[in-house]
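Below, all heavy atoms of this structure are taken into account, side chains as well, without hydrogens, waters or symmetry copies. Every value quoted in this text rests on a predicted model; they were computed, and no experiment measured them. Lettering follows sequence order; numbering is per chain, from 1.
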Amino acid sequence: MTYELDKIYDPASNEDKIYKRWEESGLFNPDNLSLSKDSPSYTIVLPPPNITDKLHMGHAATLAIEDLLIRYHRLRGFRTLWLPGTDHAAIATQNVVEKKILKESGKTRQDLGREKFLEEVWKFLRVTQGEILHQSRKMGASLDWSRLAFTLDEPRQLAVRTMFKEMYDEGVIYRGERVVNWCPRCHSTLADDEVEYKEKVGKLYTFKYDHDFPLPISTTRPETKLGDVAVAVNPKDRRYHEYIGKDFKVDFCGQTLQIKIIADHNVDPEFGTGALGVTPAHSAVDAQMAINNNLPVIKVIDEDGKISGGFGAYSGLDVDSAREKIVLELRARGLLISEEEINNNLSVCYRCGTPIEPLPSRQWFISVDKKIPRLGNKSLKEKAMAVALDGQIKFLPDRFTKRYLDWMDNLHDWCISRQIWFGHQIPVWYRGEEIYVGLDAPDGNDWQQDPDTLDTWFSSGMWTFSTLGWPVNYQKGQKIGDLAQFHPTQVLETGYEIITLWVSRMIMMSLFALNEIPFSQVYLHGMILDQNGKKMSKSKGNGINPLDMIAKFGTDATRLAVLTGSTPGNDSRFSEDKVEAKRNFINKLWNISRFILATTGEKFLATRAEYRPAPKTAADSWIIGELDSLITRISSHLDNLNFSLAAEDLHDFTWNKLADWYLEIAKFERNKEEVLVYLLKNVLKLWHPFIPFVTENIWQSFNDSLLMVEKWPQGTGVSDNNQKIVKDAQIISLTISLIQKIRDARAKHKIEPTRKISAVIYAHSLADELVGQDILFKNLRTGIDGLRIIKEGEKIKDAIYILDGEVEVYLIGAIDAGQEKRRLAKEQANLEKLIAGQSQKISNPDFTDRAPAHIVDIEKNKLSVYQAELDKILKIMGTL
RNA sequence: GGGCUCGUAGCUCAGUUGGUUAGAGCGCUACGUUGACAUCGUAGAGGUCACAGGUUCGAAUCCUGUCGGGCCCACCA
């Protein structure tokens with residue numbers, strides 16, 4: 001049987017085949033893994049991508065990182081579950097479909113009606129969902145498709161309704177009227193953290209309500225002043241002290257207002273006139289002031305962003321026109337004192353960019369401050385902060401812990417009702433004044449279900465446990481089935497921009513439902529930016545579709561490109577060049593394997609992967625030792641989620657040690673098959689979590705089993721003997737490098753090589769199996785003609801004689817302090833004298849008959865220390 | 001206003017509790033390559049680690065300040 005691989009690796013013709021074999025094996029499902037009963041579980045739930053669009057590079061990064069963790073733990077023998085799903089993304093999806101319909105047929109959602117519109121949404125959804133699942137497979141994601149979930153499917157609907165009811169019964173969910181963030185375009189409320197801020201130049205108008213009113217006020221929104229009920233000043237502001245507590249009746253542009261002068265420390269005396277017109281209906285701060293002072297709320301702007309009825313000529317105007325009209329009127333009446341341009345922080349909808357109107361509305365809320373008996377009389381906020389403070393949940397990088405805590409600390413009650421159609425309809429039914437909250441419609445006629453839907457984050461907040469069968473798998477406070485086996489999960493891996501929107505909600509929801517954390521670690525990756533450091537976005541057209549990269553360079557290269565050169569929490573740039581470099585590496589690995597498979601036979605390839613061959617030469621010891629410590633390091637890097645470092649380390653070993661050194665040596669030394677096979681199998685295992693396709697592909701060329709479920713190698717880098725081997729092997733390697741430098745330097749200086757270059761390595765810590773062997777690196781690239789390793793007690797002189805012919809340079813490495821080192825130091829001193837012209841010969845008789853000799857103490861294991869020594873040697877050679 | 005973060009080779013970035021003469025990939029220069037690999041090899045050039053102080057035997061790393069990017073939060077009307 002021969003093992004022939006193509007000269008160049010072709011991902012396109014192999015990846016789909018491999019994925020099919022994995023998927024058909026059923027081993028993505030942890031229930032099918034052959035494991036002992038007490039194997040620990042390892043769970044990640046995939047952050048469900050929105051079904052609004054195809055996956056972008058950010059998703060590709062998520063998939064690459066999580067698949068890496070999953071494959072690593074599967075190899076380590078964990079009961080490994082990676083649970084896939086998608087997110088209905090209520091408001092986002094609705095917007096996308098609305099736009100689509102408008103573009104295609106010119107119709108609005110109102111034209112279609114709720115039922116018809118939702119049909120369109122589901123139609124759209126099936127298409128994008130299909131694309132997303134296809135892309136995930138192309139990425140090589142080893143997701144357990146048998147557990148595929150959707151935030152709006154039947155089991156999740158049951159979960160959401162159950163959660164709503166439980167929270168309602170506990171008094172955590174309540175209905176209330178208050179100022180909320182309203183998007184006039186989406187025609188819906190938004191949570192506080194769904195509001196974004198944009199710096200914009202606005203106009204600050206300073207004016208008086210009417211000529212009799214003593215205090216001029218400043219505002220950027222004169223139209224809202226129609227709803228003013230007070231003017232607030234800072235209690236410390238002397239200018240206005242006398243007015244505090246007084247009432248005025250003013251004629252503001254034809255509308256009669258009752259204005260009370262109040263004091264509030266939130267008013268900045270430096271800003272504008274230091275007097276603030278209080279509009280309780282359209283500002284959260286003002287609303288608070290109104291509550292404090294027992295003032296009425298007058299709603300000026302309606303849900304369409306227009307002035308509501310009862311304001312005369314202004315009613316029905318949109319805010320911009322109303323503002324214009326009011327400013328004109330003020331100017332005409334001679335009340336306008338000044339207009340100046342200022343930088344304003346405009347709040348806009350995070351979905352459509354429309355300016356937000358704060359307005360009073362009756363909505364459903366989740367209380368974050370209510371003490372909950374089942375949580376030990378702690379509130380959701382307190383509990384969610386506690387689990388981060390006591391380290392039950394760790395953030396990586398750690399600095400995000402602070403961000404999370406700060407945000408949590410400032411959290412207000414969460415408005416969860418949305419006036420959109422696509423989503424979980426609120427499980428509340430009304431009949432007159434009656435309210436019913438339950439899983440299904442109550443018996444009896446005339447019950448009307450609340451038409452609103454829930455904030456999309458309500459269902460995605462339940463993701464870790466709703467996907468594992470809650471509430472069915474939660475009986476009388478006991479977890480059963482998947483929920484018992486896989487919850488809490490281990491790692492949540494996601495983007496840092498979503499900590500507040502999602503991560504915090506998941507923590508609160510899980511604490512409420514199960515009184516346990518949803519995950520113990522939060523790994524936050526940075527954003528993938530384009531090569532100019534700009535955020536990839538559809539509108540800018542600078543996005544890269546992962547599928548294009550996969551088609552061009554293969555999945556493995558694409559994965560490796562997003563896994564390396566980045567650190568958690570920091571953004572990283574992505575460019576095609578990077579993927580190309582990774583493709584080149586993968587081809588290198590392919591060719592390394594090709595070489596090994598071609599030079600070994602079936603007999604050797606059939607050995608068990610765990611079989612560890614005994615080293616026969618120094619080179620064997622060196623490379624095996626290197627691999628040992630490599631395994632230990634890679635395992636530790638992966639355990640610490642240091643993906644980039646792990647990949648770099650592996651890359652260095654594979655290319656610079658295995659390919660550049662050991663394979664070159666293997667071309668000239670015999671009996672390398674066992675070691676080569678051992679190296680290959682281990683390298684494939686180590687690389688598999690990063691680049692699953694190519695490694696599995698190579699593995700399959702000489703195995704029937706799947707690499708995906710092999711056993712992760714154990715590093716033995718800690719054993720004493722092994723440490724010795726590694727250390728000595730390093731010395732050998734360094735010595736070879738030095739000799740090479742000498743040879744090249746000699747060539748450069750045109751010094752004729754009259755003698756052979758050999759090395760004697762004096763390594764008294766050397767492991768027994770290496771001592772006394774002649775190792776001939778007859779390798780043109782190293783330029784070494786002979787190498788002899790001796791042990792303490794052996795005479796260097798004897799060693800030299802064993803080496804054939806004349807020897808030009810002796811390099812002697814001593815490792816520990818003591819007699820040998822002192823002796824070497826003496827030689828060193830003699831050498832210095834020789835160079836300085838103070839002596840003609842080296843005193844040690846061992847060396848006198850063979851000049852020039854040189855001693856190098858290579859204890860420090862670093863090539864750079866040779867540079868100075870090298871210069872000295874060249875000096876000596878130059879004087880010959 | 002508060003907080004976080006970054007500044008290291010031409011470019012993109014590593015640098016794990018402070019430790020010899022700071023690394024990688026890409027790019028660049030020179031030479032080479034018919035037998036694992038041109039998706040390759042060998043060698044090389046290129047860095048006052050933003051700046052200024054301080055702590056230390058020793059600082060890219062710790063502290064203070066300055067300059068310059070980026071981000072988050074907040075009730076500037």
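- For A/Arg583 against B/rU39, a side-chain N or O and a base N or O form a donor-acceptor pair under 3.5 Å.
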Exercise. Should A/Thr279 and A/Lys225 be marked as a side chain to side chain donor-acceptor pair (under 3.5 Å) after you check the CA-CA gap, both sets of side-chain angles, and the distance that decides it?
Worked result: CA-CA 7 Å; A/Thr279 321; A/Lys225 301 291 108 182; 3.3 Å; yes
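- Below the 3.5 angstrom threshold, one finds no donor paired with an acceptor across the side chain of A/Lys7 and the base of B/rC37.
- The shortest distance between the side-chain N/O atoms of A/Thr564 and the OP1/OP2 oxygens of B/rA14 is not below 4.0 Å.
- Checked for salt-bridge contact, A/Arg559 and A/Asp556 miss the test: no charged N lies under 4.0 Å from a carboxylate O.
- Taking a pair to require two hydrogen-bonding distances under 3.5 Å in either a Watson-Crick or a G-U wobble arrangement, B/rU17 remains unpaired.
- Contact check, A/Arg403 against B/rG3: no side-chain N or O comes under 4.0 Å of OP1 or OP2.
- B/rG35 makes up no base pair with any nucleotide shown, lacking Watson-Crick or G-U wobble contacts both under 3.5 Å.
- Checking A/Thr206 against A/Thr273 by side-chain atom types alone, no donor-acceptor pair falls below 3.5 Å.
- With 3.5 Å as the limit, one finds no donor-acceptor pair spanning the side chains of A/Tyr496 and A/Asn570.
- In summary, the side chains of A/Asn640 and A/Asn642 do not present any donor paired with an acceptor at a separation below 3.5 Å, with no hydrogens or angles considered.
- For the C1' atom pair drawn from B/rU17 and B/rG10, the interatomic distance equals 34 Å after rounding to whole Å.
- Using atom C1' as the reference point in both B/rG27 and B/rC72, the two lie 36 Å apart (nearest Å).
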Seminar exercise, completed: With B for base contact, S for sugar-phosphate-only contact and - for none (protein heavy atoms under 4.0 Å), nucleotides 24-31 of chain B reads -SS-----
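- Of the C1' atoms belonging to B/rU12 and B/rG53, the separation is 32 Å, rounded to the nearest Å.
- Across all strands shown, B/rU42 pairs with B/rA30; the Watson-Crick or G-U wobble distances both stay below 3.5 Å.
- Counting any heavy atom pair closer than 4.0 Å across all strands shown, A/Gly565 reaches sugar-phosphate atoms only and no base atom.
- The aromatic rings of A/Trp699 and A/Phe702 sit tilted relative to each other, their planes meeting at an angle between 30° and 60°.
- Nucleotides B/rU64 and B/rG69 have their P atoms positioned 22 Å apart, rounded to a whole Å.
- Residue A/Thr220 places its side chain closer to B/rA77 than to any other of B/rA36, B/rA77, B/rC4.
- Nucleotide B/rG7 forms a Watson-Crick or G-U wobble pair with B/rC67, both donor-acceptor distances falling under 3.5 Å.
- Residue A/Val278 is classed as having no contact, given no heavy-atom separation below 4.0 Å to the nucleic acid.
- Among the atoms of the strands shown, only primed sugar atoms or phosphate atoms (P, OP1, OP2) are found under 4.0 Å from some heavy atom of A/Thr567.
- A salt bridge links A/Asp652 with A/Lys657: the distance from a Lys NZ or Arg NE/NH1/NH2 to an Asp or Glu carboxylate oxygen falls below 4.0 Å.
- Of the nucleotides present, B/rG54 is the one that pairs with B/rC62 by Watson-Crick or G-U wobble criteria, both distances under 3.5 Å.
- The A/Leu276 side chain lies nearest to B/rA77 when the options are B/rA36, B/rA77, B/rA14.
- In this structure, A/Ile217 reaches neither bases nor backbone, as no heavy-atom distance under 4.0 Å exists between it and the strands shown.
- Across the C1' atoms, B/rU55 and B/rC11 are found 36 Å apart, a figure rounded to whole Å.
- With no hydrogens or angles considered, no side-chain donor-acceptor pair links A/Tyr240 and A/Asn234 at under 3.5 Å.
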